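Notes for the one structure printed next.
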Amino acid sequence: MRTSTPNSPHIAGRWRRIGSAAAATAALLVAGIGTAAHATAATATAATAHKVSTRAIAAQVAKAHVQYEKAGCGATPKTGYAACNALRVTGGTTAFMEKQAALRGVTPKTVKPNAASDSPTGYGPSDIQSAYGLTDAASSDGSGETVAIVDAYDDPNAEADLATYRSYYGLSDCTTDNGCFEKVSQTGSTTSLPSADSGWAGEESLDLDMVSATCPNCNILLVEAKSASDANLGTAVNEAVKLGAKFVSNSYGGSESSSDTTYDTSYYKHAGVAITASAGDEGYGAEYPAASRYVTAVGGTALKTSSNSRGWTESVWKTSSTEGTGSGCSAYDAKPSWQTDATCTKRMIADVSAVADPATGVSVYDSYGDDGTGWNTYGGTSASSPLIASVYALAGTPGSSDYPAEYPYAAAGTSALNDVTSGNNGTCTTSYYCTAKSGYDGPTGWGTPEGTDAFTG
């Protein structure tokens, strides 16, 4: 959050919290195993070694609990700077791990703090695509589209770590040499990059892996701002658009300020470009740039396997009164014409949502720095923002005069969105600002993707 408390951009502090997930029954036999060889072997093991009911799986998955910490880019910054919205699991057992243990009839392993894992411990591409009705689109769509990731500082291992993630899950190569991947500074330079930072490197790995998981055929542009200041991050957004990206994800934010309306027009007002922004990880309360009327504000959910027809169920992500998805009524930004909720007279957060609970988190490969090299599980709305940007990319290039934040509102209440109706992210005087309900609510907006229809004009 942007406050008056000074803080170095190179974050040294850490804190930990206990997260939990009570997951329901599993409809998919194997989830998160990417390559055909991995999937076939795991299926055979589960089928022949241990037969288990969906009720038994649910009972074990309900035990999922994790400890996690803010990524090194997530501590409270000084005024005019932003923090990332990434949370790294440091201990316990994730919903993914509990499910795999139940399928095999074994005791679940645990995540060990700051220890590299030799295999994923969170959801992978097949999970994400299945949960959001994207399996067919991810296979056939996205070619020629570029999703830009905007973060601060340099991740020297970004391309190599991306290659490890994609190789494990059987995704096609995405490299500088084949034109799929490009890394530049906020000025567009490929050689004069910012100083390296291990905290932001974890964020960048999370973002790149979420694009890969959701839109494996998309090109990826990583734009690294020279610092986490609002001005430098905004300049990086402008550079991403200048370089041709039609989809730009911003997994960072801070408290609102009177400068935000100026930032809107200077950095985030780009017709014909789908710009997404994380709603925040500190529970109920508005963040910027999610509060910008020109971006799609993305909230967070807890994503759990289920025996329903979808195979998944979601609720508002909340770990405690100060940890969960952000939401709220902006104090400064004007309400866009397409947003019509009754009580908030200004911009309301969020618009849509996706998985963010660390206990039901996603797998990420990161090798830079000393805070957990190797396979990690991450949560936070830093996961949901690039995921939604990639859904927009699967849906196709926006209309040249459109502000795509409006698109999900045209699909409101239809089967193109999974309405999230349970959970809250805190206490508020106006119920829908912080509590899920049928239809629109602050923490999850109109819901989560079910295919791409809600993300096209």
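Values below: every heavy atom of this structure, side chains too, minus hydrogens, waters and symmetry copies. All values reported here derive from a predicted model rather than from experimental measurement.
Tyr407 pairs in a side chain to side chain donor-acceptor pair (under 3.5 Å) with only one of the listed residues (Asp351, Asp402, Thr456, Asp453), which is Asp402. Each of Trp375, Tyr165, Tyr378, Tyr168 was scored for a ring pair (Phe, Tyr, Trp, His ring centres under 6.0 Å) with Tyr365, with one residue passing: Trp375.
Between Tyr409 and Trp338, the angle of the ring planes lies from 30° to 60°, which puts this pair in the tilted group. Between Tyr263 and Tyr288, the ring-plane angle classifies as tilted under the 30° and 60° cut-offs.
Minimum heavy-atom separation, Glu287 to Ser278: OE1-O, 4.2 Å. Nearest heavy-atom pair, Val355 versus Glu314, reported as atom, atom and distance to 0.1 Å: N-OE2, 4.3 Å. Smallest separation of non-hydrogen atoms from Ala71 and Cys84: CB-SG, 4.1 Å.
Inter-residue side-chain proximity for Pro386 and Ile149 is flagged as met; some heavy-atom pair is nearer than 4.5 Å. The closest side-chain heavy-atom distance from Glu224 to Glu204 is below 4.5 Å. Between Lys183 and Phe181, some side-chain heavy-atom pair lies under the 4.5 Å cut-off. Contact annotation: the side chain of Phe247 approaches that of Glu145 to within less than 4.5 Å [non-hydrogen atoms, C-beta and beyond]. In this structure, Ser130 and Trp312 have side chains that are in contact, with non-hydrogen atoms separated by less than 4.5 Å. Counting only heavy atoms from C-beta outward, the side chains of Met97 and Val111 approach each other to under 4.5 Å. Residues Asp141 and Leu394 meet the side-chain proximity criterion, which asks for heavy atoms closer than 4.5 Å.
Salt bridge Asp281/Lys70: absent, no basic N to carboxylate O contact under 4.0 Å.
Checked by atom type, the side-chain pair Tyr68/Glu323 shows a donor-acceptor distance below 3.5 Å.
Under the 6.0 Å cut-off for aromatic ring centres, Tyr294 and Tyr403 qualify, their centroids lying closer than that.
Distance check: Leu134 CG to Ser139 OG gives 12.0 Å after rounding to the nearest 0.5 Å.
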